[in-house]
> 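The structure is given below, and queries will be raised subsequently.
Order of the sequence lines fixes the chain letters, A, B, ..., with proteins taken first and strands second; residue numbering starts at 1 for each chain. Heavy-atom basis, side chains included; hydrogens, waters and symmetry copies ignored.
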There are 2 protein chains.
Amino acid sequence: MTTVRGARARARIEITVAIKDEARRQLAAEGAAKLSLRAVARELGMVSSALYRYFPSRDELLTALIIDAYDAVGAAAETAHASAVRTAPRAHLAHWTAVCRAVRAWAVDHPHEYALIYGSPVPGYTAPQDTVAPAARVGLLLVATARAAWQDEGVALPPLPDGLAPEAERLAADLAPDLPPALAVALVFAWAQLFGLVSFEVFGQFNRVVEDRDAFFATAAERLGREAGLLSRPRP
Amino acid sequence: MTTVRGARARARIEITVAIKDEARRQLAAEGAAKLSLRAVARELGMVSSALYRYFPSRDELLTALIIDAYDAVGAAAETAHASAVRTAPRAHLAHWTAVCRAVRAWAVDHPHEYALIYGSPVPGYTAPQDTVAPAARVGLLLVATARAAWQDEGVALPPLPDGLAPEAERLAADLAPDLPPALAVALVFAWAQLFGLVSFEVFGQFNRVVEDRDAFFATAAERLGREAGLLSRPRP
DNA sequence: CACAAGCAAGAGCAGTGCTCTCTTTTCGGT
DNA sequence: ACCGAAAAGAGAGCACTGCTCTTGCTTGTG
């Protein structure tokens, strides 16, 4: 385990989380654009230059927040998935929609954090390697759900057009070597489309268009699951 | 028509477009976050305060760019649609995919402008009324395509769940009173999902996941059209 | 032709990210 | 127990930002 050496190291991690917490507060209040290192430092009673001992730049702080956000939405989705599996182990479509609903709920509750990870990438920012594992959590959950359904009752998918065959093979090899390529493709489609729906809601594109967002999203999530091959009810 | 009164008014609109052009240049080069009024003014050989005669604030400049961007992607989509209709008047699914491809192509060519309109909304920004009409152009095109298909050959759609019926009625009434509610719902789904796919590609979520983006998107666009009820080929 | 409106310029304010130097505190090896 | 090294904080400062205000100049119009 990570043995904390002394009071100094302990203080360091405490201050680091305090900085992130305050930054997250400002992020939630004003958005990423108005997140200011100086304001964070001021609120914590320290001088701005001291903050640079913990995060070498504003971008690094943002990266830390991004990783945390990916982990938060991933954890929310995993919890919802686990609970749905416990409730009805073979209702794969219900597991799928539970994941979708959890993602949407988290996004609606944390719009600015959601924007940080699924909105426009900031400045000339290219995602550091540290972010890719947390970023994959929701996607992997979708894959796991589909895999369970496939193993348990099979999936129903439209055939792949010839042009996509090589890409589909490659994708399946990278993503889930045990699954049929058509399923891998369908999963990536559904993955992107899920976040398209959530983004449109969070970013206000549904304003004055969709009113009953809950019902709308519930139907959308179920259709996404079907398009990913999940059957509506277990086979007899 | 808009008669330009004198040299002064003429100069005003010329300078206004020059400012927008330069701003667009910086936007394309560095992204919205680094777009600086002072830098724009500097590049145009004027002093920063003079720029405020044309745009009362940075946000107003951004709003102008947002409207232009919506119009640009809308125009690209409309052109592609018109051309597809000319080529094969009854190939509704081809019209649909032409619109999708045009949107994607514009987005890939203008990632920062795309981010401006379909990425995270800036600061505490709420879209002014002027943006809603341009923003609707692509959506209206999708509706028009589906309407033509519906009138010409009908559409094939899954039934709506009961819970969504009221929202579907309302949506259809607002969006396209002549179309069946199930089609209106399917169109909004497809609309959001289309931009989900494009956003994931433009914002880098497909990096190290999807390689053959053209083939991938082509298939996705066609499936979106099918999910919106469009038939693969005209009925005999 | 005079006058008011439109426009440009410059200085200035408050705020930002970030760097540098200087001082204080803390820790580990002898 | 001490002493040098490393870590942390404080403060000043640089270059930049959006935006405001005042001062003149230019231009179109009564």
> Under 3.5 Å, is there any donor-acceptor pair linking the side chain of B:Arg12 to the base of C:dG6?
no

> Among all residues two or more places apart in sequence or in another chain, which pass the ring-ring contact (aromatic ring centres under 6.0 Å, His included) test with B:Tyr70?
B:Tyr118

> Expressed as a whole number of angstroms, how long is the span from A:Arg58:CZ to C:dG15:P?
17 Å

> Donor-acceptor pair, A:His81 side chain versus A:Ala77 backbone, under 3.5 Å?
no

> Among D:dA10, C:dC18, D:dT20, find the nucleotide with the atom closest to the side chain of A:Ser57.
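Nearest nucleotide to the side chain: C:dC18.
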
> Taking B:Ala221's backbone N and O only, do any of them form a donor-acceptor pair with B:Trp96's side chain (distance below 3.5 Å, no angle check)?
yes

> Quick check on DNA chain D: between A:Ala50 and B:Leu35, whose nearest nucleotide comes earlier from the 5' end?
A:Ala50

> Do B:Ser199 and B:Tyr114 have a side chain donor and acceptor closer than 3.5 Å?
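Yes, B:Tyr114 and B:Ser199 have a side-chain donor paired with an acceptor closer than 3.5 Å.
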
> Assign each of A:Met46 and B:Arg38 to its nearest nucleotide of DNA chain D by heavy atoms, then name whichever residue's nucleotide is nearer the 5' end.
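It is A:Met46 whose nearest nucleotide is closer to the 5' end.
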
> Rounding to 10 degrees, work out the angle separating the end axes of the helix from C:dC1-D:dG30 to C:dT30-D:dA1 (five pairs an end).
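Axis angle across the helix from C:dC1-D:dG30 to C:dT30-D:dA1, nearest 10°: 10°.
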
> Looking only at atom types and distance, does a side-chain atom of A:Thr63 sit under 3.5 Å from a main-chain N or O of A:Asp59, one as donor and one as acceptor?
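Here the side-chain-to-backbone pair exists.
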
> Which part of the nucleic acid does A:Phe55 contact within heavy-atom distance under 4.0 Å: base, sugar-phosphate only, or nothing?
nothing

